[in-house]
2 protein chains.
Amino acid sequence: MNRTASIKDVATHASVAVGTVSNVLNYPDRVSQRTKERVLKAIDELGFVRNDAARQLRAGHSRTVGLIVLDVGNPFFTSVVRAAEDAAALQGSAVLLGDSGHDAGREANYIDLFQEQRVQGLLISPVGDVTERLDLLRERGVPTVLVDRLADESKFSSVAVDDDAGGYLAARHLLDTGRRRLAFVGGPTDIRQVADRLQGAQRAVQEEPGATLEVLTSEGMTVLAGRSVGNMLVQRGRDELPDGIFCANDLLALGVMQSLTMTHTFRIPEDVALIGYDDIDFAVSAVVPLSSIRQPTEALGRTAIELLSEEVESQNPTHRAVVFTPELVVRQSTGKA
Amino acid sequence: MNRTASIKDVATHASVAVGTVSNVLNYPDRVSQRTKERVLKAIDELGFVRNDAARQLRAGHSRTVGLIVLDVGNPFFTSVVRAAEDAAALQGSAVLLGDSGHDAGREANYIDLFQEQRVQGLLISPVGDVTERLDLLRERGVPTVLVDRLADESKFSSVAVDDDAGGYLAARHLLDTGRRRLAFVGGPTDIRQVADRLQGAQRAVQEEPGATLEVLTSEGMTVLAGRSVGNMLVQRGRDELPDGIFCANDLLALGVMQSLTMTHTFRIPEDVALIGYDDIDFAVSAVVPLSSIRQPTEALGRTAIELLSEEVESQNPTHRAVVFTPELVVRQSTGKA
DNA sequence: TCGTAACAATGAAACGATTCAAAGATTCGC
DNA sequence: GCGAATCTTTGAATCGTTTCATTGTTACGA
């Protein structure tokens with residue numbers, strides 16, 4: 001039970017040449033029925049398992065794809081990862097997953113590791129600005145697709161979600177259900193996603209004569225941050241209250257919902273309609289089920305793999321930037337007033 | 001930019017032998033300063049990156065560890081994974097992550113894949129009963145550590161958390177704060193974790209003369225399941241209500257909290273104390289911050305890696321089963337009545 | 001100046017799978 | 001029964017790294 005059997009051991013055991021064993025594994029049709037059976041028997045008896053390192057070495061490349069995300073704990077990425085894995089499996093590849101945790105150092109480690117593994121390509125949701133590193137990868141000939149980030153289309157392919165469109169969708173929905181005095185909750189505003197969602201919301205409001213949009217900057221995107229914004233709102237007089245609130249993510253929205261329902265001063269959706277963003281699992285099971293904007297995470301993951309395949313296949317590099325439009329999910333929190 | 005440079009190219013470029021380049025990479029002290037500089041320069045100029053496949057092939061084993069979890073989306077596992085990655089990184093290994101999604105087929109695929117990769121060993125949180133498969137691994141000489149599952153100690157090492165102790169801790173805490181009519185919420189009761197936590201709670205209650213424990217079986221472990229149990233409780237008369245509720249996980253507890261606070265019939269913790277299990281992120285930011293039982297996930301992940309190292313190092317296989325005791329986290333929901 | 005120890009550098013062999021040209025076996029038509 | 005065509009099998013060469021016995025170089029004390 002010391003060493004794992006090699007193809008040579010199998011060959012000896014079955015009294016055939018190593019090439020034949022390899023053929024049984026890779027081109028079964030080239031081998032006669034009798035020989036095949038003998039070889040398979042030997043494989044079984046010795047408990048032979050292919051050594052992928054040797055395979056790769058010979059092939060010159062692996063059958064794996066590297067995927068580096070900012071945070072595996074984030075349901076957005078979890079879902080993207082799963083979709084990417086499934087898509088990769090379909091074309092016979094496996095995904096090596098790396099979690100950078102928003103840390104440039106860890107990200108760099110994974111990039112190095114994946115290069116040593118000779119991955120077919122890299123899907124990456126990069127930390128901050130890593131143009132130089134990525135340029136290096138490009139020169140080294142490692143096909144790379146950016147995830148959840150737009151890229152210079154002359155250099156990289158990318159998949160992303162249109163946050164401006166998402167913001168528009170949310171605000172438009174509030175307007176469609178009769179609300180006119182809207183508020184946007186989110187922050188810090190220098191996060192791109194926050195800025196884009198706000199911009200989309202503003203666009204929708206400008207299209208609607210008489211509608212207004214108040215911007216409430218939150219300290220972060222957490223439930224607690226949402227609750228303090230909510231508490232501030234509760235202090236206000238009834239007339240100064242917005243009648244529709246769009247939060248830049250669901251956590252904020254849940255926090256706002258807590259403040260408003262806890263005090264029983266205002267009812268959702270009768271007094272205030274509330275919509276979040278991301279459609280996390282908790283949105284359905286909130287006290288008042290929360291309307292939200294769902295991001296097409298499965299499509300993101302799948303498409304990322306597809307774009308990568310395109311790059312791997314064709315040697316002349318034409319890149320594509322695919323942008324998905326998010327989807328409105330209506331629940332009770334934005335019911336008719 | 002066609003092929004990546006090999007160690008041979010570097011050797012030529014720097015006018016040294018391949019062995020020297022290898023030494024620069026692996027045993028820098030064996031090489032003179034002058035030569036080292038020349039080689040490093042060549043490496044830089046050619047953009048050389050080690051080919052891990054060749055390295056592994058020569059070494060006979062990889063520097064990776066396989067980790068198969070039931071669900072990466074589950075915060076419990078996410079945390080275990082992160083800890084395992086960090087612990088592995090410390091000893092120079094990387095973790096290959098597989099998500100079986102409670103599916104035996106996917107699990108089998110990952111086991112095969114990891115075997116082909118010649119991982120140093122396997123950490124696995126197995127789907128159902130996979131004794132045969134694992135026995136096979138053992139015969140093949142792949143060191144394996146079971147995660148979150150007790151194992152026959154003559155066969156495998158394992159790391160787990162003592163759910164009975166956790167249940168005891170939760171119930172004991174409710175009793176300590178003066179509650180006597182307790183209720184346990186959880187289900188289905190054939191889930192081992194649920195059964196163990198209940199058993200621990202029963203033990204605590206039996207130790208306390210005059211205390212009672214009512215078992216409320218829920219349909220699953222979700223917020224919605226918790227809410228329906230909560231709604232049922234609200235229907236009861238004030239006197240028939242428990243004064244302390246222990247939920248088998250935080251989602252259930254949040255659901256129960258929703259029902260109780262929404263109707264404003266009962267106050268938490270004044271009328272009813274509430275404690276959950278798992279200490280998920282949402283526990284802190286609940287309307288009433290939720291007391292909970294925290295599982296030592298970091299310790300689990302770290303220890304799993306350590307046990308695996310032990311097995312890898314020593315060839316004579318002595319296994320250990322490490323059981324961790326969870327920790328009580330007190331928040332507002334179990335404040336003094 | 002010589003001998004020896006310490007240090008550097010060399011390059012062939014090995015890891016295990018795949019490839020492919022060549023050899024060997026079989027089939028078939030005539 | 002023979003030659004050609006087809007089907008099987010063979011085994012050496014290859015991928016890129018590490019290892020290690022060997023050779024070459026330098027330094028230093030006698």
Side-chain angles (χ1 to χ4, degrees), chain A residues 2-40 42-43 46-64 92 112-113 115-120 140, chain B residues 2-40 42-43 46-64 92 112-113 115-120 140:
Chain A
N2 30 23
R3 219 180 83 279
T4 37
S6 78
I7 215 175
K8 200 183 266 172
D9 301 324
V10 174
T12 310
H13 199 77
S15 317
V16 297
V18 289
T20 304
V21 178
S22 175
N23 280 334
V24 170
L25 261 27
N26 301 296
Y27 308 94
D29 295 347
R30 290 192 192 159
V31 184
S32 75
Q33 189 61 29
R34 272 172 42 83
T35 328
K36 206 184 312 183
E37 276 165 13
R38 247 182 351 172
V39 170
L40 289 176
I43 287 179
L46 297 178
F48 165 78
V49 178
R50 257 203 193 87
N51 183 325
D52 199 56
R55 213 156 131 75
Q56 270 187 218
L57 176 57
R58 182 65 234 253
H61 61 91
S62 74
R63 290 164 307 125
T64 54
D112 289 345
L113 182 67
Q115 268 201 89
E116 291 193 2
Q117 306 273 359
R118 297 289 191 272
V119 293
Q120 295 181 304
R140 298 257 177 81
Chain B
N2 30 23
R3 217 179 86 279
T4 37
S6 79
I7 217 175
K8 199 183 267 170
D9 301 323
V10 174
T12 311
H13 199 76
S15 316
V16 296
V18 289
T20 304
V21 178
S22 176
N23 280 334
V24 170
L25 261 26
N26 300 298
Y27 308 94
D29 295 347
R30 291 190 192 162
V31 184
S32 75
Q33 190 60 29
R34 273 172 41 81
T35 329
K36 207 186 309 184
E37 276 165 12
R38 248 187 345 182
V39 171
L40 290 175
I43 287 179
L46 297 178
F48 166 78
V49 177
R50 256 204 193 86
N51 183 326
D52 199 57
R55 209 156 135 72
Q56 272 187 217
L57 176 56
R58 181 65 234 254
H61 62 90
S62 73
R63 292 165 305 125
T64 54
D112 288 345
L113 182 66
Q115 268 201 89
E116 291 192 2
Q117 306 274 358
R118 296 291 190 272
V119 293
Q120 295 182 304
R140 299 256 177 82

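Below, read A as the first sequence line, B as the second, and so on, with proteins coming before strands; counting in each chain starts at 1. Worth saying up front: this structure is predicted, and the values here are computed from it rather than measured.
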Hey, is the side chain of R30(A) poking within less than 4.0 Å of OP1 or OP2 on dT8(D), counting only N and O atoms? no

* Would you say Y27(B) reaches dT19(D)'s phosphate, i.e. side-chain N/O to OP1/OP2 under 4.0 Å? -> yes

Over how many whole Å does the gap from [X] atom [atom1] to [N] atom [atom2] extend?
X       : N       : atom1 : atom2 : result
R118(B) : dT17(D) : CZ    : P     : 20 Å
H61(B)  : dT18(D) : NE2   : C1'   : 12 Å
R55(A)  : dG16(D) : CZ    : P     : 18 Å
R34(A)  : dC7(D)  : CZ    : C1'   : 15 Å
K8(A)   : dA17(C) : NZ    : P     : 10 Å
E116(B) : dC15(C) : CD    : P     : 21 Å
D29(B)  : dA8(C)  : CG    : P     : 9 Å
D52(A)  : dC15(C) : CG    : C1'   : 15 Å

If you look at every strand shown and take non-hydrogen atoms under 4.0 Å, does [X] touch a base, only sugar-phosphate, or nothing?
X      : result
N26(A) : sugar-phosphate
V21(B) : nothing
S32(B) : sugar-phosphate
T20(B) : base

Result for 5'-nearest mapping on DNA chain D, choosing between N23(B) and V16(A), is V16(A)

Q: Verify the distance criterion only: is there a donor paired with an acceptor across the side chains of Q56(B) and R118(B) at less than 3.5 Å?
A: no

When R50(A) and K36(B) are each assigned the nearest nucleotide of DNA chain C, the 5'-most assignment goes to K36(B)

Nearest-nucleotide check on DNA chain C, G19(B) vs L57(B); residue mapping nearer the 5' end is G19(B)

For the pair T12(B) (side chain) and K8(B) (backbone), establish whether a donor and an acceptor sit closer than 3.5 Å, ignoring hydrogens and angles. yes

Out of [options], which has the shortest distance to the side chain of [X]?
X      : options                   : answer
S6(B)  : dA9(C), dT10(D), dT17(D)  : dT17(D)
N51(B) : dT17(D), dG16(C), dT8(D)  : dT17(D)
L25(B) : dT18(D), dT18(C), dT10(C) : dT18(D)
A54(B) : dA17(C), dT10(C), dT17(D) : dT17(D)
I7(A)  : dA17(C), dA9(C), dT9(D)   : dA17(C)

| message | Between dT18(D) and R58(B), counting only base atoms on the nucleotide and side-chain atoms on the residue, is there a donor-acceptor pair under 3.5 Å? | response | yes

Validation row: R63(B), D52(B) side chains within 4.5 angstrom (heavy atoms): yes

Carefully, step by step, assess I7(A) and S22(A) under the rule side-chain contact (heavy atoms from CB on, under 4.5 Å). CA-CA 8 Å; I7(A) 215 175; S22(A) 175; 4.1 Å; yes

Tightest non-hydrogen contact, residues T64(B) and S62(B), listed as OG1-OG, 2.7 Å

Do V16(A) and T35(A) pass the side-chain contact (heavy atoms from CB on, under 4.5 Å) test, and can you show the C-alpha distance, the side-chain angles, and the key distance before you say yes or no? CA-CA 8 Å; V16(A) 297; T35(A) 328; 3.7 Å; yes

